[in-house]
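Below, chains carry the letters A, B, ... as their sequence lines are ordered, and counting in each starts from 1.
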Amino acid sequence: MDFAKLLNTEQLHAVESTEGPVLILAGAGSGKTRVITYRVAHLVENRDVRPEQILAVTFTNKAADQMKFRVRNLLRAARSGDPLISTFHSFCVRLLRREIEALNYTRDFTIYDEADQLQVVKGVSKDLKVDERLVTPKTILARISHAKNHGKTPQNLLDDSWEPSWEYTANVFNEYEKRLKKSNALDFDDLLIKAVELFDKFPPAAEKYSTRFPYLMVDEYQDTNHMQYRLVRHLTRVHDNVCVVGDEDQSIYSWRGADIQNILSFEKDFPRVRIIKLEQNYRSTKNILAAASAVVAHNELRKGKTLWTQNPSGDLITYMEATDAEEEAMYVADRILFHQKADPSVRIAVLYRTNFLSRVLEEKLRRYNMKYRIVGGFSFYERAEIKDLISYLTVSLNPDDSVHLLRVINTPPRGIGKTTTDILEELAVERGTSVWGAIEIAIEQARLPMRTIRALEAFHALIAEFVRAAEELSNSALLEKIIAGTKYIEMLEEEGTEESENRIENIRELLTAAEESHERGEKLREFLDHAALVSDQDAYDERSPISLMTLHTAKGLEFPVVMITGLEDGLFPHSRSIMEAPQLEEERRLFYVGMTRAEHKLYLTSTRFRRYFGNMDQQISEPSRFLSEIPEELIEEVGERRRKPAVKFEGTSYDTVDAVMKVLGGAEKKPAPSVQPGPKKKLAGAWVLGTRVKHPKYGYGTILRTEGSGDDLKLTVSFISHGLKKMIAKYAELELA
DNA sequence: CCAGGCGAGTTTTTT
DNA sequence: ACTCGCCTGG
């Protein structure tokens, strides 16, 4: 196979450097996936490596699937096998399903997702009487996860504890680990940790797998955390043919434990390393690339690359400042229609920092009957009815899994209420058993009301029957048995709401998924592993013309047209990130990632007013500081400018109230009259949220609040040098500034 | 035991 | 606005 014509010099170099450690610093849009897939093909076709000797690790299933697809197309048919292309987590699950007995777990362990973990933490917190005003279960879980990923024990936390909440954390952590063990369950972090532990304790196992995969590739290396790093070290125990690909400018997962140091110090870990920089961008126009590069250049923590492109300059970047989220959404809809008119097959991405921003966008797009797809948010497998049925399936393989057993113990209602489950949980802790074990003890002792015992017996028999059935039935047949045995659909039918109709529909979809998995020859275990490890990102459908997603989810994707919304200080960069320089840099990288998704056209939008919780007060927002980091000559600004009043009109006080209502997002929906302000300095009706004003004594300020109307209109103004002042509009000698 | 009502807290990003 | 946990009355 001859790659020379298909690749540039650096890419070719990367593909042909097959022996020894290689670090590929691949800038955005530099053909990274191309290099990886060609490198696999090169190994197989030209270096006589058998496909199954190659292991390629990615972060998302989506990336893995995509890579598999491309490799398969590249390799000639009728090969002995396929390379193993997998996510870190799936790889570990496969490994542990074979080897975990060495660590005193059974191979039937269950995987706990975040919701499951939270259930455990909540339960433990309650039992240990943790003061929830000091630390929420969520915070505790975050701390536990952080500790685990950094190899810390509960004792370590206790030793380092400097205030009560950390003591609570350490104690909950301790009990949390016990309960997971008792449930024969591993959380997401454990999947990596136990794999590393296995290799640490049993070097021959590490050697076995290192030998089995003489060629290792890791994608998105900048996102690896400490455990993933150690796993890579183990897998390179008997060789050092490791090729990692990454871009420190796209490191956006430090909050999840990703250690940017892994890529920055790869050279130290593998001294023989060859470093190859891919700096030619094939994706974006010159203007987009220049703007993105200018932004990320503000970061200190980087190796520094200079991306360049032969692509045309293209359009300027368009910036639009909207009054509020509604107007922003209108603009998004308008631009989508505009681009679709020009090219019906255009693909457009609408990106935002946080999931809740999708709501307004969705509403508008739906109202205009535009076909869009939302990627992320809650996935199919997070829906209550799906989680319930998955829980039944899970319990059918591992009834000791207490979290999932408790989830379904009274769903549908069968007379086992809170009192009973509390007793069972207590009993389980007392006897050092699972809840399943506790049920058996309770039945035997019969110290509960007769009615409860009967209910428990019935439940026990039901689950026992599912356990038996799991051994002989196919995935879909077992699922059908569960649905029938629990009368789950009957329960939903009784509700008779539109919502419950939907749920039934979802269940049918799950049945189809189970059937398909059965046809692929998968066992129940594999079906459940898949369900546990699918992620939001995997839901992305590249055929969809309009995709809505967070910036994080957009990583790795590209679109002809990209719109980044909500570019407001406090939202993006997020308020929790602006205090610390490293975190602010990560936000900037996130912006960089977003910008570099665009091929031809990039839109940036922000709003002057943003509503945060429900219908509560709107907050005035400043444009994101990142906007000013883009060279002015690369941006064109459309719409009203911030310096002008938010809503422009002259008129009666009735109109004033009306306009205020609109700005406040009140019920009145009729459009505000938009008459340009005259040359007059004073405008009776222009006192609207966000208007910049000048006061003879206090100087310049911004209107933060309005109350009343007409002559009674009261204003709260924030003055730059005099702080907040409340005044009556009629008497205050205010001018528009 | 359970349904329905009430109040609090919520929204950073996710394998 | 929305969800979730807690409380109350049947």
Side-chain angles (χ1 to χ4, degrees), chain A residues 57-64 86-93 111-115 117-119 122 125-126 132-133 136-138 141-142 145 149 186-193 219-220 223-225 227-228 251-258 351-360 363 375-379 382 384 409-422 448-449 451-452 455 495 529 532-539 549-556 566 570-578 583 586-587 589-591 593-594 610-616 665:
Chain A
V57 193
T58 64
F59 272 80
T60 64
N61 297 300
K62 182 82 203 167
S86 155
T87 65
F88 269 106
H89 292 266
S90 325
F91 174 77
C92 290
V93 171
I111 301 167
Y112 277 7
D113 67 14
E114 203 182 318
Q117 296 181 62
L118 204 55
Q119 280 309 112
K122 277 182 183 166
S125 294
K126 199 167 259 175
E132 288 207 6
R133 286 167 311 182
T136 62
K138 245 183 162 172
L141 179 56
S145 176
N149 278 315
L186 302 185
D187 63 25
F188 278 141
D189 299 325
D190 284 330
L191 295 178
L192 300 166
I193 293 168
D219 193 15
E220 309 278 17
D223 287 334
T224 48
N225 66 22
M227 289 298 157
Q228 286 157 337
S251 163
I252 55 175
Y253 285 110
S254 74
W255 50 274
R256 217 178 59 201
L351 310 181
Y352 34 82
R353 174 70 239 261
T354 63
N355 270 309
F356 83 97
L357 289 188
S358 71
R359 205 175 281 162
V360 193
E363 247 167 54
V375 189
F378 6 57
S379 78
E382 280 168 39
I409 198 165
N410 204 31
T411 321
R414 51 172 73 90
I416 306 175
K418 192 154 168 17
T419 325
T420 310
T421 54
D422 279 350
L448 289 164
R451 205 164 50 145
T452 308
E495 277 179 43
D529 283 349
L533 295 173
V534 285
S535 75
D536 295 343
Q537 312 219 349
D538 307 328
M549 67 190 95
T550 65
L551 286 136
H552 281 88
T553 308
K555 179 150 125 186
L571 193 57
F572 192 20
H574 194 271
S575 55
R576 296 198 192 175
S577 309
I578 46 188
Q583 295 186 44
E586 180 148 314
E587 294 285 302
R589 289 194 292 271
L590 188 57
F591 187 36
V593 166
R610 175 79 61 185
R611 208 175 317 167
Y612 283 90
F613 306 113
N615 224 356
M616 304 284 278

Spacing between A/I409 atom CD1 and B/dC1 atom P, to the nearest angstrom: 11 Å

Please report, rounded to the nearest Å, how far the C1' atom of B/dC1 is from the CZ atom of A/R451. 7 Å

Anything under 30° is parallel, anything over 60° is perpendicular, the rest tilted; go ahead and classify A/F572 against A/F591. perpendicular

Measure from NE2 on A/H552 to P on B/dT12 and round the result to the nearest Å. 12 Å

Using the C1' atoms only, state how far B/dT13 lies from C/dC4, rounded to an integer number of Å. 23 Å

Among B/dT13, B/dT14, B/dT15, find the nucleotide with the atom closest to the side chain of A/T60. B/dT15

Per A/P413 side chain, nearest of listed nucleotides B/dT14, C/dC4, B/dC2: B/dC2

Under the 3.5 angstrom rule, does the side chain of A/R589 hit a backbone N or O of A/S251 as a donor-acceptor pair? yes

If only side-chain N and O atoms of A/K138 are considered, is one of them under 4.0 Å from the OP1 or OP2 phosphate oxygen of B/dT11? yes

Provide, to the nearest angstrom, the distance between the CZ atom belonging to A/F188 and the C1' atom belonging to B/dT15. 6 Å

Looking at side-chain heavy atoms only, is the closest gap between A/K555 and A/Y253 below 4.5 Å? yes

Side-chain contact check for A/W255: nearest option of B/dT13, B/dT15, B/dT12 is B/dT13

Residue whose nearest DNA chain B nucleotide is more 5′ - A/T136 or A/L192: A/T136

What about A/H89, does its side chain sit under 3.5 Å from the base of B/dT15 through a donor-acceptor pair? yes

Atom pair distance, as rounded to whole Å: NZ in A/K418 and P in C/dC6: 7 Å

Can you tell me if the side-chain N/O atoms of A/N355 get under 4.0 Å from OP1 or OP2 in B/dT14? yes

Just to be sure I understand the rule, does A/T420 reach a base, reach only the sugar-phosphate, or reach nothing, if contact means heavy atoms closer than 4.0 Å? sugar-phosphate

Between A/R359 and A/K126, which has a closest nucleotide on DNA chain C that is more 5'? A/R359

N or O in side chain of A/T553 less than 4.0 angstrom from B/dT13 OP1/OP2: no

Would you mind reading off the distance between A/L141 atom CG and B/dT14 atom C1', rounded to a whole angstrom? 12 Å

Looking across every strand, which nucleic acid part, if any, lies under 4.0 Å from A/F59 by heavy atom: base, sugar-phosphate, or nothing? sugar-phosphate

What nucleotide, of B/dT14, B/dC2, C/dG5, holds the atom closest to the side chain of A/E114? B/dT14

Can a donor-acceptor pair under 3.5 Å be found between the side-chain atoms of A/R576 and the base atoms of B/dT12? no

Indicate yes or no for a side-chain donor-acceptor contact from A/E587 to the backbone of A/I578 under 3.5 Å, with no hydrogens or angles considered. no

Compare the aromatic ring of A/H574 with the six-membered base ring of B/dT12 and state whether they stack according to the 5.5 Å and 30° rule. yes

When the distance from CZ of A/R589 to C1' of B/dT13 is rounded to whole Å, what number comes out? 13 Å

Output the rounded distance in Å from CG (A/D189) to P (B/dT14). 16 Å

Tell me whether the OP1 or OP2 atom of B/dT12 has a side-chain N or O from A/S577 closer than 4.0 Å. no

Classify the nucleic acid contact of A/N410 as base, sugar-phosphate or nothing, counting any heavy atom under 4.0 Å across all strands shown. sugar-phosphate

Is a side-chain donor or acceptor of A/H552 paired with a backbone partner of A/I252 at a separation under 3.5 angstrom? yes

Between A/T419 and A/Q583, name the one whose nearest nucleotide on DNA chain B is closer to the 5' end. A/T419

For the pair A/N225 (side chain) and A/Q228 (backbone), establish whether a donor and an acceptor sit closer than 3.5 Å, ignoring hydrogens and angles. yes

